[in-house]
Amino acid sequence: MSHHKQAKETIAGLKKELNAVIVAHNYQLPDVQDIADFVGDSLELAQRCVSIKAETIVFCGVRFMAEMAAILNPGTTVLLSHPDAGCPLADMIDVATLRQWKERYPEAAVVAYVNTAAAIKAESYVCCTSANGAEIVNAIPNEEILFIPDRNLGHYISTKTDKKMILYPGFCHTHARITAKEVESARQRYPQAKILVHPECRPEVIALADAALSTSQMLRYAAQSNHKVFLIGTEEGLLHPLRKQNPDKEFHIIGDSFICPDMKKTTLETVVATMQTGSNAVTVPEEIKARAKQAIDRMLAIT
Ligand code: SF4
């Protein structure tokens with residue numbers, strides 16, 4: 001039996017034993033996406049889990065996502081698929097720094113991208129995703145917004161609102177790496193392609209794109225579009241569901257590689273090890289959980 005087939009059978013057995021569901025982010029390795037019960041973006045996955053009756057959620061992604069699943073699914077054990085899978089963007093802000101910024105801008109409402117630790121969400125007024133940022137900012141009463149932690153997403157939202165946006169200077173290494181030059185050279189190679197980039201990309205990259213979209217929006221856009229060729233400006237794991245769902249269309253990544261090292265820490269082997277040992281359980285202290293949930297619930301009430 002092949003190595004992979006064996007890992008897949010082991011995982012199927014462990015799923016029954018643990019009464020577990022496995023969810024995987026769109027940026028996970030294709031093999032990992034294929035063993036998951038659901039694949040999607042971070043919020044979709046955390047919400048999806050609410051409607052599933054399982055004792056254990058195995059979250060194939062990074063830590064802030066597993067925390068969000070734990071917050072929205074109290075009483076369920078959430079196991080992260082690799083102990084060190086974090087998000088360098090989320091790590092760019094800590095509670096002490098956020099408190100300093102809040103003191104500096106006392107009138108501003110803190111809008112936190114979901115790519116933040118639970119302790120940061122707990123200090124924020126409302127959360128947003130890369131899909132609903134402008135909607136959230138425009139829906140809350142405050143005229144001044146302190147947007148954390150991604151300056152590129154914050155800048156993109158600022159083009160869709162008249163509110164005063166204060167941008168915390170965090171960024172995602174993976175998305176900020178692609179340059180306008182790479183987009184231009186990709187366009188030359190595929191002049192007929194639609195260019196879809198993630199709002200975590202730099203403003204000058206977004207300016208060259210046909211659309212700035214979250215991963216779930218890219219999947220919807222590609223499915224509904226009459227175009228046949230697409231240039232994709234986000235983590236290359238998304239190519240897997242794009243190609244699977246649109247076998248008649250062509251997808252190319254912008255740049256030579258577009259990889260989030262933390263997303264790629266999870267393999268079938270780490271999933272097996274996590275399930276066998278029950279290790280990497282992600283817990284959020286009750287007091288933080290309640291306040292973080294408030295910020296998430298405010299977002300869900302708007303969208
Ligand atoms: Fe974080 Fe960027 Fe990786 Fe997403 S792609 S998990 S924002 S580092």
Side-chain angles (χ1 to χ4, degrees), residues 23-30 32-33 36 39-46 59-70 78 80-94 111-121 124 127-133 147-157 167-179 182 196-203 205-206 209 212-219 232-242 253-267 270 280 282 299:
V23 301
H25 191 267
N26 287 319
Y27 294 164
Q28 291 286 294
L29 290 167
V32 174
Q33 294 192 29
V39 180
D41 64 26
S42 50
L43 180 66
E44 268 173 6
L45 294 177
F59 206 112
C60 302
V62 299
R63 182 162 297 273
F64 79 81
M65 299 176 179
E67 278 187 347
M68 205 151 50
V78 180
L80 179 59
S81 53
H82 189 287
D84 305 323
C87 168
L89 165 62
D91 292 342
M92 281 185 188
I93 189 160
D94 58 35
V111 178
Y113 188 22
V114 287
N115 295 33
T116 43
I120 295 292
K121 292 185 176 78
S124 303
C127 290
C128 79
T129 67
S130 52
N132 64 22
F147 189 82
I148 59 165
D150 188 78
R151 67 174 177 216
N152 291 333
L153 176 61
H155 178 271
Y156 177 66
I157 294 170
L167 307 182
Y168 183 83
F171 62 93
C172 163
H173 288 281
T174 302
H175 284 86
R177 232 194 77 205
I178 54 164
T179 60
E182 283 175 304
L196 313 182
V197 304
H198 194 278
E200 283 169 27
C201 293
R202 300 157 186 250
V205 164
I206 293 177
L213 303 169
S214 72
T215 55
S216 46
Q217 287 173 329
M218 283 188 199
L219 287 164
I232 301 299
T234 196
E235 217 278 349
E236 58 189 52
L238 189 69
L239 290 176
H240 186 59
L242 280 168
I253 211 81
I254 299 170
D256 43 6
S257 77
F258 207 137
I259 289 172
C260 171
D262 280 83
M263 282 286 177
K264 272 23 189 191
K265 284 178 180 166
T266 295
T267 61
T270 72
N280 314 337
V282 172
M299 165 180 75

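Note that the numbering runs from 1 along the sequence shown for the chain. All values reported here derive from a predicted model rather than from experimental measurement. Counting starts at 1 for both ligands and their atoms, following the listed order.
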query: Less than 6.0 Å separating the ring centroids of Phe258 and His175?
result: yes
Suppose we measure from [atom] to each protein heavy atom; which comes out shortest, and what is that distance?
| atom | answer |
| --- | --- |
| atom 2 (Fe) of ligand 1 | Cys172 SG, 2.3 Å |
| atom 8 (S) of ligand 1 | Pro88 CD, 3.4 Å |
| atom 1 (Fe) of ligand 1 | Cys87 SG, 2.3 Å |

field: Heteroatom test (N, O or S) for Cys260 near atom 3 (Fe) of ligand 1, limit 2.8 Å
entry: yes
query: So does Glu236 pair up with Lys264, basic N to acidic O under 4.0 Å?
result: no
- request: Give the intermediate values and the outcome of side-chain contact (heavy atoms from CB on, under 4.5 Å) for residues Asn26 and Asp41.
  value: CA-CA 6 Å; Asn26 287 319; Asp41 64 26; 4.2 Å; yes
message: Is it the case that the side chain of Gln33 and the backbone of Gln28 share a donor-acceptor pair, with hydrogens and angles ignored and the cut-off at 3.5 Å?
response: yes
query: Counting distance only, does the side-chain N/O of Arg63 pair as donor-acceptor with the main-chain N or O of Pro83 below 3.5 Å?
result: yes
- request: Record the part of His173 in heavy-atom contact with ligand 1 below 4.0 Å; permitted values are side chain, backbone, both and neither.
  value: neither
task: Report, in ascending order of atom number, the atoms of ligand 1 lying under 4.0 Å from any heavy atom of Glu200.
output: 2 (Fe), 7 (S)
task: Would you check whether Asn115 reaches within less than 4.0 Å of ligand 1, judged by its heavy atoms?
output: yes
